[in-house]
Amino acid sequence: MRTDDSFVAFVSARSGRLVAYAELLCGDHEKARDLVQGVLTKAYPRWDRIEQDDPYGYLCRAITNAVTDWWRRAYRRREQLVGTLPEDSSIVDDTARFDDRRTLIAALQQLTPAERAVVVLRYLHDYTERDVAEILGVRLGTVKSTCHKALRKLRVAIEPEPGLAPSDTSRGGE
């Protein structure tokens, strides 16, 4: 019973952050929820060992691996992703208030999976370069160079359109 209580408490406290992390890596909220659910399902039987060290770090690494596996298997999926969903009048469109998040996710999608993982861990989860290297299983120099390249790509992806004043970009050029 203690394992159940501990696991439920952890998931209640951290699942939102884990889903947000996965979403930043894969770019899709629903896919992120599925990936986190799969990782948590696999972690539950081993929870008594996982919780002894750093459960959040362990699960972040597991999510990173799950997203990487998902990318690698993408060509095998039978699902066909579409750019727009069919019209449904019962769906309320609240996306206007998420412009910054969409901009960030769109910019992150321009990065390679490795670059995206480094940027998300380093800047959105505030891990040190050394921690990122340990989590991803790469050398510190690899983290630094990957981060440098990724930030350069992000600057280009987020750079405002020519002719717009910086204040115009926050309103979408209105």
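A quick note: this is a predicted structure, and the numbers were derived from the prediction, not measured.
Here the straight-line distance linking atom CH2 of Trp70 with atom CG of Leu25 works out to 10.5 Å at 0.5 Å rounding. The CD atom of Glu30 sits 9.0 Å away from atom CD of Glu23, with the distance rounded to the nearest 0.5 Å. With rounding to the nearest 0.5 angstrom, the CG atom of Leu40 is 6.5 Å from the CD1 atom of Ile63. To the nearest 0.5 Å, atoms NE2 (His148) and OG1 (Thr146) are separated by 11.0 Å. Going from atom CZ of Arg14 over to atom CG of Leu59 covers 10.0 Å, rounded to the nearest 0.5 Å. One finds the CG atom of Leu154 at 12.0 Å from the OG1 atom of Thr103 (value rounded to the nearest 0.5 Å).
Heavy-atom contacts from other residues, nucleotides or ligands closer than 6.0 Å to CZ of Arg61 number more than 12. Within a 6.0 Å sphere centred on NZ of Lys153, heavy atoms belonging to other residues, nucleotides or ligands number more than 12. Applying the 6.0 Å contact sphere to CD of Gln37 captures no more than 12 heavy atoms from other residues, nucleotides or ligands. Within a 6.0 Å sphere centred on CD of Glu134, other residues, nucleotides and ligands contribute 12 heavy atoms or fewer.
Nearest heavy-atom pair, Val39 versus Ala62, reported as atom, atom and distance to 0.1 Å: CG1-CB, 3.6 Å. Among all heavy-atom pairs drawn from Thr128 and Arg122, the shortest one is CA-NH1, 4.0 Å. Here the closest heavy-atom approach between residue Ala117 and residue Thr64 is recorded as CB-CG2, 4.3 Å. Shortest non-hydrogen contact noted between Cys60 and Tyr127 is SG-OH, 4.4 Å. The two atoms that bring Ala107 and Ala157 nearest to each other are CB-CB, 4.1 Å, heavy atoms only. The minimum heavy-atom distance linking Val67 with Ala22 is given by the pair CG2-O, 4.5 Å.
Below 30°, between 30° and 60°, or above 60°: for His125 and Tyr56 the angle between ring planes is between 30° and 60°, a tilted geometry.
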Would you check, one step at a time, whether the test side-chain contact (heavy atoms from CB on, under 4.5 Å) holds for Arg116 with Gln109? CA-CA 8 Å; Arg116 191 178 311 162; Gln109 295 219 345; 4.2 Å; yes
Under the side-chain contact (heavy atoms from CB on, under 4.5 Å) rule, what do Leu24 and Tyr21 come out as? Steps first, then yes or no, please. CA-CA 5 Å; Leu24 290 171; Tyr21 171 68; 5.8 Å; no
Go through it in stages, so that I can follow the logic: the residues are Val118 and Leu111, the test is side-chain contact (heavy atoms from CB on, under 4.5 Å), and I'd like the CA-CA distance, side-chain angles, deciding distance and then a yes or no. CA-CA 10 Å; Val118 168; Leu111 304 178; over 6 Å; no
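In this structure, Ser15 contributes its side chain and Ser12 its backbone to no donor-acceptor pair below 3.5 Å.
Hydrophobic clustering of Ile, Leu, Val, Met, Phe, Trp and Tyr side chains at less than 4.5 Å, counting indirect connections, unites Leu124 with Val143.
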